[in-house]
Amino acid sequence: MKLESQDYEKVVNLIIDKIKGNMSLENDSLNHSEYGIFSTMDMAIEKAYIAQKELVKFTFDFREKIIISMKEEFTKNIDLLSQMAVEETGMGNYEHKRLKNKLVVDKTPGTEDLRAEAYTGDYGLTLLELSPFGVIGSITPTTNPSETILCNAIGMIAAGNSIVFSPHPRAKNTSIKTIEILNMAIQKCGGPKNLITTVKDPSVENVNIMMKHPKINMLCVTGGPGVVKIALSSGKKAIGAGAGNPPCVVDETADIEKAGKDIIDGCTFDNNLPCTSEKEVIVLDEVCDHLISSMKRYGAFELKGNMIDKLKELIIEDDHPNKDFIGKSAQYILNKLGVSYPDGTRCIICETKLDHIFVMEELMMPVLPIVRAKNISEAIDMAVICEKGNRHTAMMHSKNIDNLTKMARTIQTTIFVKNAPSYAGIGFLGEGYCTFTIAGPTGEGLTSARVFARRRRCVLSDGFFIK
């Protein structure tokens, strides 16, 4: 089915109307099943199973053609998807959503990530190839809905798989729209229908069906520790991207002015929604005042005394971050607190002890606690404590190679960023490829196509050894 320009405009208007609450998606005259959206999880899985069998009949080069088409169609819709995510979830901001979406398009590897290996010798040739798992079930978050879907889809399809997505219900419309756009792109270049599927009403029940279904060969979970734990107990191959609580350590050798700017830039990126963002700062006492002054020059607003307690009452509920403030801006939070602030305020900072809830809980909002340490050993020990063994992400600002090495070896995180904002760790203004599925609990790290492929060994004995 070819989507004509007038139909495309109709889709856009229908989605925007849905966001504004003017109509129900069920009353939409578009046939969603044409683009991978089904009423039941069983149907979504069955259609994806059929599509995967068709995909492996195509050449390897054709998979890359599919990926290029997906990226091109997604790029045309970046503005729409970025705005949808903000309006639907109430989290983050449009400009940073747009940057994240573009990052996925520009820096997510495709088939080039699938490199074969070969061994030759007196006994012949052994070839190691990367082959599809089949149908992958992917759970995606509310924080990065379109970004995670595109990023996972590129890697999984490059490896020869089809995907059944189970998006977060609070990002349902953005996720469905993203899946429709990608399926349109696949069909547009001659690829199979329903290579990417989902259900129109995501739910816990549908997640359970997906996890137990015999035609799902792998699970990829981007979410909290609870759902990762369930996936790991499913009996299937599972890739888990769990929670983080990234600490940032600053020692006395750091470029303090640059560190202050980098920390605020990283902490405020998409209102601190990325699980890689700076969540707490541990700084040596001798440079703490200088760092705070620098942070203030780049948009930090400091709270002191009983105002810290009032902030806690506002943003903490039942010993966890209040969902009403996750992904909200610093100005939004300060307005609710009834505090006046200067123009350009981007982040709320406050000095606390190590055991403060702001330090020990991943807030996912631009509220940044600062903890003083006597020396670098104490600072690193504190960082390990508040990172909680998630082995996700950590940052350090230092010019001392020994200190940087000690921090990296001690904290053992998947991502370790030195002298830069946290987002450099996912390829934004930093080298390396991008991903929004960072598998710390299961050890794959920053996922890409090779992670979504099976390693297979093919041996030719006493043949094709030509040295």
Side-chain angles (χ1 to χ4, degrees), residues 243-269 272 274-300 347 349-354 356 358-360 362-364 366-432 438 440 445-446:
N245 191 37
C248 178
V249 170
V250 182
D251 76 7
E252 79 284 3
T253 71
D255 181 336
I256 299 300
E257 284 299 313
K258 182 177 184 299
K261 180 180 186 303
D262 287 350
I263 291 168
I264 296 302
D265 286 347
C267 171
T268 58
F269 191 61
N272 201 250
C275 49
T276 55
S277 293
E278 292 86 347
K279 300 296 192 275
E280 59 275 336
V281 175
I282 300 164
V283 55
L284 268 61
D285 183 64
E286 62 188 278
V287 293
C288 185
D289 292 338
H290 185 183
L291 180 67
I292 289 173
S293 296
S294 174
M295 295 167 83
K296 287 179 179 179
R297 281 190 283 277
Y298 293 103
C347 180
I349 60 173
C350 55
E351 286 196 54
T352 71
K353 299 296 184 182
L354 180 66
H356 196 281
F358 289 176
V359 177
M360 300 308 294
E362 187 179 27
L363 298 180
M364 298 181 74
V367 173
L368 192 62
I370 300 170
V371 181
R372 294 178 184 251
K374 294 190 295 289
N375 53 56
I376 191 61
S377 293
E378 183 181 62
I380 291 173
D381 289 343
M382 287 178 170
V384 171
I385 290 169
C386 58
E387 206 276 328
K388 296 183 175 181
N390 292 317
R391 297 193 172 187
H392 197 293
T393 300
M395 284 67 62
M396 187 172 186
H397 293 266
S398 172
K399 293 183 179 179
N400 186 312
I401 296 297
D402 291 339
N403 288 351
L404 289 164
T405 302
K406 182 178 181 180
M407 172 79 170
R409 286 179 175 173
T410 304
I411 203 157
Q412 291 287 307
T413 49
T414 301
I415 298 174
F416 181 53
V417 178
K418 304 179 290 294
N419 300 318
S422 53
Y423 47 63
I426 55 171
F428 184 65
L429 302 181
E431 294 301 324
I438 301 164
L446 278 72

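This is a predicted model, so every value here is computed, not measured.
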| remark: OG1 of Thr268 to CG of Leu368, rounded to nearest 0.5 Å, is 10.0 Å
| Which atom pair, heavy atoms only, marks the closest approach of His392 to Ile438? | CE1-CD1, 4.0 Å
| At what distance, to the nearest 0.5 angstrom, does CZ of Arg372 lie from CD1 of Ile282? | 13.5 Å
| said: Measuring from atom CD of Glu387 to atom CE of Met360, what distance do you get when rounded to the nearest 0.5 angstrom? | reply: 10.5 Å
Check residues 245-256 and write down every donor-acceptor pair under 3.5 Å in which the side-chain atom is one partner and the other belongs to a residue at least two apart or another chain.
residue : atom : partner : partner atom : Å
Asn245  : ND2  : Glu280  : OE1          : 3.3
Asn245  : ND2  : Val359  : O            : 2.9
Asn245  : ND2  : Cys386  : O            : 2.9
Asp251  : OD1  : Thr253  : N            : 2.9
Asp251  : OD1  : Thr253  : OG1          : 2.8
Asp251  : OD1  : Ala254  : N            : 3.3
Asp251  : OD1  : Ser398  : OG           : 3.4
Asp251  : OD2  : Thr253  : OG1          : 3.4
Asp251  : OD2  : Ser398  : OG           : 2.6
Asp251  : OD2  : Asn403  : ND2          : 2.9
Thr253  : OG1  : Ser398  : OG           : 3.2
Thr253  : OG1  : Lys399  : N            : 2.8
Thr253  : OG1  : Asn400  : N            : 3.4
Asp255  : OD1  : Glu257  : N            : 3.4
Asp255  : OD1  : Lys258  : N            : 3.2

| said: So which atom in Ile349 and which in Ile292 form the shortest heavy-atom distance, rounded to 0.1 Å? | reply: CD1-CG2, 4.0 Å
| message | Has Glu278 got a side-chain atom pairing as donor or acceptor with Ser422's backbone, closer than 3.5 angstrom? | response | yes
| message | Determine whether a donor-acceptor pair (N or O, by modelled atom type, separation under 3.5 Å) exists between the side chain of Asp285 and the backbone of Lys374. | response | no
| Reported CD1-to-CD1 distance for the pair Ile385 and Ile380, which is rounded to 0.5 angstrom | 12.5 Å
| side-chain contact (heavy atoms from CB on, under 4.5 Å) between Leu354 and Glu378, worked out | CA-CA 11 Å; Leu354 180 66; Glu378 183 181 62; over 6 Å; no
| task | Give the minimum heavy-atom separation between Gly260 and Met295, together with the two atoms involved. | result | CA-CG, 3.8 Å
Donor-acceptor contacts under 3.5 Å from residues 423-430 side chains, at least two apart:
none

| Distance in Å, Glu351 CD paired with Ile370 CD1, rounded so as to fall on 0.5 Å steps | 6.5 Å
| query | Does Ser293 use its side chain to pair, donor to acceptor, with the backbone of Asp289 at less than 3.5 Å? | reply | yes
| By ring-ring contact (aromatic ring centres under 6.0 Å, His included) - contacts of Phe416 (at least two apart) | none
| query | Thr413 versus Met395: any side-chain heavy-atom pair under 4.5 Å? | reply | no
| said: Go through it in stages, so that I can follow the logic: the residues are Asn390 and Glu362, the test is side-chain contact (heavy atoms from CB on, under 4.5 Å), and I'd like the CA-CA distance, side-chain angles, deciding distance and then a yes or no. | reply: CA-CA 11 Å; Asn390 292 317; Glu362 187 179 27; over 6 Å; no
| said: A side-chain contact here means heavy atoms from C-beta on lying under 4.5 Å apart; do Ile264 and Arg297 qualify? | reply: no
| query | For Asn272 and Cys267, which heavy atoms make the closest approach, and how far apart are they? | reply | ND2-O, 2.8 Å
| Within-4.5 Å side-chain heavy-atom neighbours: Asp262 and Asn419 | no
| request: Could you please spell out the steps behind the side-chain contact (heavy atoms from CB on, under 4.5 Å) verdict for Val367 and Phe358? | output: CA-CA 8 Å; Val367 173; Phe358 289 176; 4.3 Å; yes
| message | Quick check for you: to the nearest 0.5 Å, what is the distance between Lys406 atom NZ and Ile411 atom CD1? | response | 12.5 Å
| Neighbour count >12 (heavy atoms, 6.0 Å) for atom NZ, Lys261 | no
| Can you find a pair of side-chain heavy atoms, one from Val281 and one from Leu291, that are under 4.5 Å apart? | yes
